[in-house]
Structures are given as C-alpha cells and as structure tokens.
Amino acid sequence: MSLFERISETASYINEKLNAMPVIGIISGSGLGGLTDILEIETEIDYELIPHFPVSTVAGHSGKLVFGKLGNKQVLVMSGRFHYYEGYDMDTVTFPVRVMKALGVETLIVSNAAGGMNENFKVGDMMLITDHINLFPEHPLRGHNDERLGVRFPDMSETYDPKLIALAKKIAAEKQIPLKCGVYIGLQGPTFETPAEYRWLHVIGGDAVGMSTVPEVIVAIHSGMRVFAISIITDIGISAVPLKITHEEVLEAANAAAPKLAALVTELIKEM
Ligand code: HPA
C-alpha cells in the first residue's frame with residue numbers, strides 16, 4: 001500500500017470520529033502534553049486504535065489524538081510524538097503530520113524540550129524557533145516523491161511563519177511572558193550531547209538542540225502547511241564544568257514551563 005493510500009485510510013478513520021474539521025494541528029512534546037488540559041475536549045482516540053499509526057514507547061509520552069476547541073478554533077493535538085531514536089523510520093515519524101494535512105489542518109504548532117547553547121538562556125526559558133538546522137542522518141523526503149503530497153524540492157527560506165512569529169512576540173510582550181528566539185538543531189539522539197558537541201552545535205549556529213521537530217516540520221512544509229514551533233529549554237549544554245542531564249530533569253523542567261507555553265499558544269490560536 002502506498003504512503004498516499006495509508007494516509008487516506010487513516011484520515012477517513014479519524015474523520016468519521018470528528019464532528020468538525022480541525023484547522024490547527026498541535027504536536028506536544030516531552031512533558032508538554034499539558035496543552036490538552038486547556039482544550040475543550042470533544043474526542044480522544046488512542047494511537048493503538050488508529051490504522052497505520054505506530055504506538056509511542058517512551059515514558060512521559062502518552063499516545064493519543066485529542067480533538068477539541070482551543071481559543072475558539074478546532075484543533076487536533078497529538079499528545080505524544082514518534083521519535084526517530086525509537087527506531088521508527090522517517091515515514092512513520094512524520095505520518096501523523098500527513099494525516100493532519102489530509103484532515104484539513106492548515107497550521108502546525110510544534111513544541112519540544114531542548115538543550116540550550118545560547119549563553120543568554122536558562123532552564124525553563126521558552127524559545128520561539130525562528131529557523132532550524134537539520135542534522136538527522138536521514139531525510140524525511142528521501143526517496144520517491146508523490147506529487148499529490150508535495151513538490152520534489154520544497155523551499156525552506158521561510159519555514160517558520162514570519163507572521164506567526166511576529167504575532168507570538170506581540171502577545172508575549174503584551175502579556176509579559178518572557179520569550180527568547182533562536183535556531184533549533186535537530187539530531188537523532190538518544191544520547192544527550194557531549195560538551196564538545198554542544199560547543200560545536202553553538203558554533204555552527206544553534207541556540208537549542210533536540211531530538212525531534214525537524215522531520216515533522218519538513219513534512220509540514222512539504223505538504224504546504226504553515227508552521228509555528230517553540231522549544232522549552234530544559235537543560236543547558238554550555239558551561240565551564242560539564243553538567244549531567246537526565247530524562248527526568250528534562251521532563252520536570254518541561255512540565256514546569258508547560259503553563260506559560262499553554263498561555264502563549266492559546267492566545268496565539270485565538271488571534272490568528
Ligand atoms: N539535547 C538533546 N535533546 C534534548 C536536550 C539536549 O540537551 N534536552 C532536551 N532534549
């Protein structure tokens with residue numbers, strides 16, 4: 001079965017369970033599933049039940065699609081994402097984005113937990129992603145290009161929608177929500193970086209680093225969606241003495257920052 005056929009099957013399964021078309025898709029990352037708390041939930045579907053959907057394997061990532069209203073718009077939240085380091089191939093990692101597009105989603109909002117390399121960042125900061133560097137070992141668009149899904153050579157000059165970035169900055173200023181901006185580097189993990197790697201990632205232009213987001217964003221651009229993304233800085237990679245990082249600390253820091261992320265995203269959705 002082709003990718004296109006799988007997307008269609010999955011989308012029609014989900015479509016039957018929804019009473020309205022979602023216009024905004026949200027992928028909530030590690031510890032940031034809290035976005036579903038502020039959603040006026042209408043329908044929830046466990047990943048297990050969705051045809052062609054993989055089941056996520058990492059502790060702290062629950063796996064379900066949550067559909068409902070946020071800021072007066074119909075949104076579809078992917079609570080728990082699929083990471084490349086779990087062993088999924090790129091088609092699988094990005095499959096939910098394809099399905100969102102098939103369901104009518106026009107704007108994708110992505111959140112993640114990331115390590116900070118910018119010396120002005122501290123744990124708990126929220127960083128608006130203005131651009132990215134793709135260091136994944138495999139490209140999600142490698143291989144046959146189905147023109148029904150997008151063009152062979154997508155433009156990436158304005159990957160993160162400038163209007164949404166401007167709107168988020170305005171909202172953050174009005175609501176006095178501290179907001180940093182920067183470049184996200186996506187790589188495969190699952191190790192956190194060595195001190196030398198964090199330094200190198202900063203030198204090549206990164207402000208934050210993580211193990212997700214870039215594949216989903218590339219596929220969203222390929223399918224013609226508008227993209228907005230935010231990192232929660234859960235640890236700092238650059239320091240005079242090497243700092244140890246654990247997954248638990250990452251989840252804890254992400255959880256602590258989840259309310260301000262939710263506040264910003266809710267207002268953004270309201271105003272866009
Ligand atoms: N590196 C990579 N991924 C991460 C980090 C990090 O420091 N923090 C949270 N996710």
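Remember, predicted model here, so these are calculated numbers, not experimental data. Ligands are counted one by one from 1 in listed order, and the atoms in each one are counted from 1 as well.
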Exactly one of Asn118, Asp207, Asp125 should register a side-chain hydrogen bond (donor to acceptor under 3.5 Å, both in side chains) with Lys180. Which one does? Asp125
For atom 10 (N) of ligand 1, the closest protein heavy atom turns out to be Ala113 O, 3.3 Å
With the threshold set at under 4.0 angstrom, would you say Gly189 reaches ligand 1 through any of its heavy atoms? no
Looking only at protein heavy atoms, which one is nearest to atom 8 (N) of ligand 1, and how far off is it? Asp235 OD1, 2.6 Å
Under 3.5 Å side-chain donor-acceptor pair for Arg152 and His222: no
Please confirm whether Gly210 comes under 4.0 Å of ligand 1, counting heavy atoms of the residue only. yes
Is there a nitrogen or oxygen of Gly115 sitting under 3.5 Å from a nitrogen or oxygen of ligand 1? yes
Given the side-chain rings of Phe82 and Tyr47, with only the six-membered ring counted for Trp, is the space between their centroids under 6.0 Å? yes
Indicate, with yes or no, if the rings of His132 and Tyr160 have centres closer together than 6.0 Å. yes
When you look for heavy atoms under 4.0 Å from ligand 1, do you find them on the side chain of Thr234, its backbone, both, or neither? side chain
Do me a favour and list the nearest non-hydrogen protein atom to atom 1 (N) of ligand 1 with residue, atom name and distance? Glu193 OE1, 2.6 Å
Is a donor on one side and an acceptor on the other found under 3.5 Å between the side chain of His139 and the backbone of Leu141? yes
Atoms of ligand 1 less than 4.0 Å from Tyr198 heavy atoms? 1 (N), 6 (C), 7 (O)
Just checking, is any N or O donor in the side chain of Asp89 or Thr92 under 3.5 Å from an acceptor N or O on the other one? yes
